[in-house]
Amino acid sequence: MSALYDTVGVNYSNLRLPDPRLAAPILEALGEAKTVLNVGAGAGSYEPADRHVTALEPSLEMIRQRAPHGAPVIQGLAEALPFTDESFDAAMAVLTVHHWADQRRGLAEMRRVARGPVVILTFDRDVRPWLTDYLPALAELDLVQMPAMDEYEQALGPVRIDPVPIPFDCSDGFLYAYWRRPSAYLDERLRAGSSSFWALDDTAEGLARLARDLKTGAWERRYADLLQRDELDLGYRLVVTLPR
């Protein structure tokens, strides 16, 4: 079974360290669930330590990076969960839905196997963080990859959708996490922690413009208000199903 992260996931666990400030609303949304399925589990970020977690992940590279004593993991796809109906108290998925080949089917599968809440950390594709000013192809990619927010309710039934502000010093190096640390985007090693950079054909011109603006102070003048913020709504959203 091949998967994107067999290629892009090398050193992923070193670049994508879970941030406890993002973990808190996920844990709260899981409620009293004792058994949890983590779909598209990757290296195990945000899996609650106080629950019985089963992880499902398509990439062998990501599976190899999981902690030796972490949750048991099964190689598989979101679109065909190998579990019977209502096998778990809850199901979760963190920044993974955009990688699924059939998002509607994967979401329906999560709803099928969970007796209780389905909890999904995702991104609102209609939001445009400042990085898209330099790399507009990122916004185009978001439109292609990310489900529209109303699609979650269509697939899962009634949901609530809450913003998840991102702290300026977020330890998890996902795409827009470095919003107050713009020079990080000039570091090839840090960019490697985001699959979106692997998907773009050419970022050289946009990154060169960012480098010039940082050197001249143009970036700081344009986005001065960001430097006063400790956290920012960048478009990341927590989708949580409502009780049946």
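All values below come from the heavy atoms of this structure, side chains included, with hydrogens, waters and symmetry mates left out.
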Practice problem: Spell out, as yes or no, whether a donor-acceptor pair under 3.5 Å connects the side chain of Q103 to the backbone of Q145. | Solution: yes

Practice problem: Provide the closest heavy-atom pair for V164 versus R237 in the form atom of the first, atom of the second, distance. | Solution: CG2-C, 4.1 Å

Quiz prompt | R111 with D85: basic N within carboxylate O range, under 4.0 Å | solution = no

Atom pairs and distances, donor-acceptor, side-chain atoms in residues 23-35, under 3.5 Å, two or more places apart:
unit_1: T35; atom_1: OG1; unit_2: D89; atom_2: N; d: 2.9
unit_1: T35; atom_1: OG1; unit_2: D89; atom_2: OD2; d: 3.4

Quiz prompt | Sidechain-backbone polar pair: E79 side chain, A101 backbone, donor-acceptor under 3.5 Å | solution = yes

Quiz item: salt bridge (charged side-chain N to carboxylate O under 4.0 Å, His left out) with E86: which residues, sequence neighbours excluded?
Solution: R244

Quiz prompt | Same apolar cluster (I L V M F W Y, side chains within < 4.5 Å links), L242/L121 | solution = no

Self-check item: Polar side-chain atom of Y176 near backbone of P129 as donor-acceptor pair, under 3.5 Å
Solution: no

Quiz item: By side chain to side chain contact (heavy atoms under 4.5 Å, CB included), which residues pair with R180, not counting sequence neighbours?
Solution: F168, L227, D230

Exercise. Each residue besides L56 in its hydrophobic cluster should be listed here, by chain and number; the cluster joins Ile, Leu, Val, Met, Phe, Trp and Tyr at side-chain heavy-atom distances under 4.5 Å.
Key: L37, V39, I74, L81, F83, F88, V97, W100, L107, M110, V113, V118, I120, M149, Y152, L156, V159, I161, V239

Practice problem: Name all residues meeting the salt bridge (charged side-chain N to carboxylate O under 4.0 Å, His left out) criterion together with R125; count only those two or more places apart in sequence or in a different chain, and write none if there are none. | Solution: none

Quiz item: Do P167 and D19 touch side chain to side chain, with heavy atoms closer than 4.5 Å?
Solution: yes

Self-check item: Smallest separation among heavy atoms of E47 and A71, with atom names
Solution: OE1-CB, 3.6 Å

Quiz item: Nearest heavy-atom pair of D102 and R105: which atoms, and what distance?
Solution: OD1-N, 3.1 Å

Quiz item: With sequence neighbours excluded, what pairs up with Y236 under the ring pair (Phe, Tyr, Trp, His ring centres under 6.0 Å) test?
Solution: F123, F174

Self-check item: Under 4.5 Å side-chain linkage, directly or through intermediates, the cluster mates of L143
Solution: none

Self-check item: salt bridge (charged side-chain N to carboxylate O under 4.0 Å, His left out) against D162, all qualifying residues, sequence neighbours excluded
Solution: R160

All N/O donor-acceptor pairs, side-chain side in residues 205-215, below 3.5 Å, sequence neighbours left out:
unit_1: R209; atom_1: NH2; unit_2: D133; atom_2: O; d: 2.9
unit_1: D213; atom_1: OD2; unit_2: Y134; atom_2: OH; d: 2.7
unit_1: D213; atom_1: OD2; unit_2: R222; atom_2: NH1; d: 3.2

Practice problem: Scan residues 205-229 for pairs that pass ring-ring contact (aromatic ring centres under 6.0 Å, His included), counting only residues two or more places apart or in two chains. | Solution: W130-W219, W130-Y223, W219-Y223

Quiz item: Can we say D233 and R229 salt-bridge, meaning some charged N sits less than 4.0 Å from an Asp/Glu carboxylate O?
Solution: no

Quiz item: If every non-hydrogen atom of P18 is compared with every non-hydrogen atom of S171, which pair is closest and at what distance?
Solution: O-OG, 3.3 Å

Quiz item: Okay, side chain of E220, backbone of G217: is any donor-acceptor separation there less than 3.5 Å?
Solution: no

Quiz item: OG of S45 to CG of L17: how many Å apart, nearest 0.5 Å?
Solution: 7.5 Å

Exercise. Carefully, step by step, assess I63 and Q75 under the rule side chain to side chain contact (heavy atoms under 4.5 Å, CB included).
Key: CA-CA 8 Å; I63 290 173; Q75 188 180 21; 3.9 Å; yes

Exercise. Indicate yes or no for a side-chain donor-acceptor contact from E231 to the backbone of I166 under 3.5 Å, with no hydrogens or angles considered.
Key: no

Quiz item: Is it true that a side-chain atom of R66 and a backbone atom of G42 form a donor plus acceptor pair closer than 3.5 Å?
Solution: yes

Exercise. With sequence neighbours excluded, tell me which residues meet side chain to side chain contact (heavy atoms under 4.5 Å, CB included) with A139.
Key: R128, T132

Exercise. Using the test salt bridge (charged side-chain N to carboxylate O under 4.0 Å, His left out), find all partners of D187 that sit at least two apart in sequence or belong to another chain.
Key: none

Quiz item: What is the minimum heavy-atom distance between T96 and G40, and which atoms define it?
Solution: OG1-CA, 3.7 Å

Exercise. Look at the side chain of S194 and the backbone N and O of R191, then say whether any donor-acceptor pair between them is shorter than 3.5 Å.
Key: no

Practice problem: Quick one: do L200 and L141 satisfy side chain to side chain contact (heavy atoms under 4.5 Å, CB included)? Show the steps, please. | Solution: CA-CA 8 Å; L200 299 186; L141 183 64; 4.2 Å; yes

Quiz item: Nearest heavy-atom pair of H98 and S195: which atoms, and what distance?
Solution: NE2-OG, 4.4 Å

Self-check item: Polar side chain donor-acceptor pair, Y46 to D172, under 3.5 angstrom
Solution: yes

